Amino acid sequence: MKPADFEFMAAMLKSESGLVIGTDKIYLLESRLMPVARKKGMKDLEDLIANLRSRRDPRLLKDVTEAMTTNESFFFRDIKPFDLFRDVILPQMIEARAAKKSLRIWCAAASSGQEPYSLAMIVKEASARMAGWRIEIVGTDISTEMLEKAKAGIYSQFEVQRGLPIQMLVKYFKKDEESWRIDPALRAMVQFREFNLLRDLKALGQFDVVFCRNVLIYFDQATKGQVLEGISRQMPSDGVLFLGGAETVLGISDRFKPLPGYRGVYGLSDGPGAAPAAGAPPGPAAPTAGTRPLPGKPAFPTKR
Amino acid sequence: MKSCLIVDDSKVIRMVASKIMNELEFKPIEAADGQEALDACLKALPDAVLLDWNMPVMSGIEFLRALRKLPGGDQPVVVFCTTENDITHIQEAMEAGANEYIMKPFDSEIIQAKFAQVGLL
């Protein structure tokens, strides 16, 4: 690939999706975009790039962005965050919202649906404690293709074996020829929407819990900060954010603070139990409209 | 080092599984059918068992039922690994005391994921 072509593609992907690619990822660009070129009847990548340059066909632009941003996903990926959600965060939310009886969860990069469905399974298992609650799980992704798969809720034998405990498979899936189809009740718990994280998040509403895992790693610092800032505005003061194992808010955004003892889990800096960081100037902790302090004990007990 | 008893009548499968076990730092022990596996368990109980279903002499499910009756036989973590991939077989295995269930074909990633889920890793 010519350097000028690479630069053009890198700039285009950045502006379309926030994705940052270095020259070490040229192979990825080639391996993922060749199928797109072929599908469109173009002879090679040069042809595809020339086409993008001259016509800026929005459909082609979308296909290219999707091919570069779609990622593998599996059920209960990394296990730990889901354990923390089930054992710590969900019980806290059940207590804190006992009167309101509502919970909104957002999976910011739902991909083919495994993450929101994993959360749906956890919530379903807790349903005895949440009778009469309004529970919404919203899964968004930039890729139409991935969302179609997520909405269908049909997974291959390989996919259902990666991360999904066998008891959960038996309980929540039906075998459909060689594939496995998710239980309609679980399917109905999740809404899927196409959404670009670079846009204004207000349209999605407020969320008590946000899973934004393994997305920020593809963005540059400024974009990471912008997305985190956006997420923080869509949360109540005791909202909780889950990031991927290789991601952090440190040095990127001061809107969130890590919850001590719970790796990859973050609360709002001006949320309940917030302690000023050592050496930090006593900044004006202006409460966001709609936030309310929680009575009683701090929402996030420190694990010792 | 933890041990894993690999029970399968296919030599190729045993070889592939042994290689994966070495990578996961398990000591692999091989058995070609349920009876051989049971004999091995009578000598020393393994930490884990990777178990095929259909085998000559003694099937995987018969082995599992016999294992669970042995003194300390509730200890080994048993993961079925079979081409039987319908709900009925899975439920039968779980009722007989299996801890996890892999549907063939498998790869090292699936074994690793399943072993992690049952706390072996």
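Quantities reported herein were computed from a predicted structural model and do not represent experimental measurements. Proteins come first, then strands; the chains are lettered A, B, ... in the order of their sequence lines, and each starts at number 1.
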Sub-3.5 Å donor-acceptor pair from the side chain of B:E25 to the main-chain atoms of B:M1, do we have one?
no
Sort B:I102 into side chain, backbone, both or neither according to what part of it lies under 4.5 angstrom from a heavy atom of chain A.
both
Salt bridge present between A:K149 and A:E145 (N-O < 4.0 angstrom):
no
Atom of B:S18, atom of B:P28 and distance for their closest heavy-atom approach:
OG-CB, 3.7 Å
Rounded to the nearest 0.5 Å, what separates atom CG in A:D208 from atom CE in A:M93?
5.5 Å
Contact class of B:E109 relative to chain A, heavy atoms under 4.5 angstrom:
side chain
Chain A contact via B:M94 - side chain, backbone, both or neither, heavy atoms under 4.5 Å
side chain
Residues A:R193 and A:D141 bridged, charged N to O under 4.0 Å
no
Greatest number of non-hydrogen atom pairs under 4.5 angstrom with chain A, of B:N99, B:I87, B:D86, B:V118, falls to B:I87
Between atom CG of A:L243 and atom CG of A:N214, what is the distance when rounded to the nearest 0.5 Å?
9.0 Å
Can you pull out the residues in residues 156-170 of chain A with any heavy atom less than 4.5 Å from chain B?
A:Q157, A:F158, A:V160, A:Q161, A:R162, A:G163, A:L164, A:P165, A:I166, A:Q167, A:L169, A:V170
Sort A:F173 into side chain, backbone, both or neither according to what part of it lies under 4.5 angstrom from a heavy atom of chain B.
backbone
Does A:K174 offer a backbone N or O that forms a donor-acceptor pair with the side chain of A:R181 under 3.5 Å?
no
N/O donor-acceptor pair under 3.5 Å between A:E30 side chain and A:Y27 backbone:
no
Which bit of B:Q91 comes within less than 4.5 Å of chain A, counting heavy atoms only: side chain, backbone, both or neither?
side chain
Whether A:R77 engages the ring of A:F74 as a cation-pi pair (distance to the six-membered ring centre under 6.0 angstrom, angle to the ring normal within 45°) should be assessed.
yes
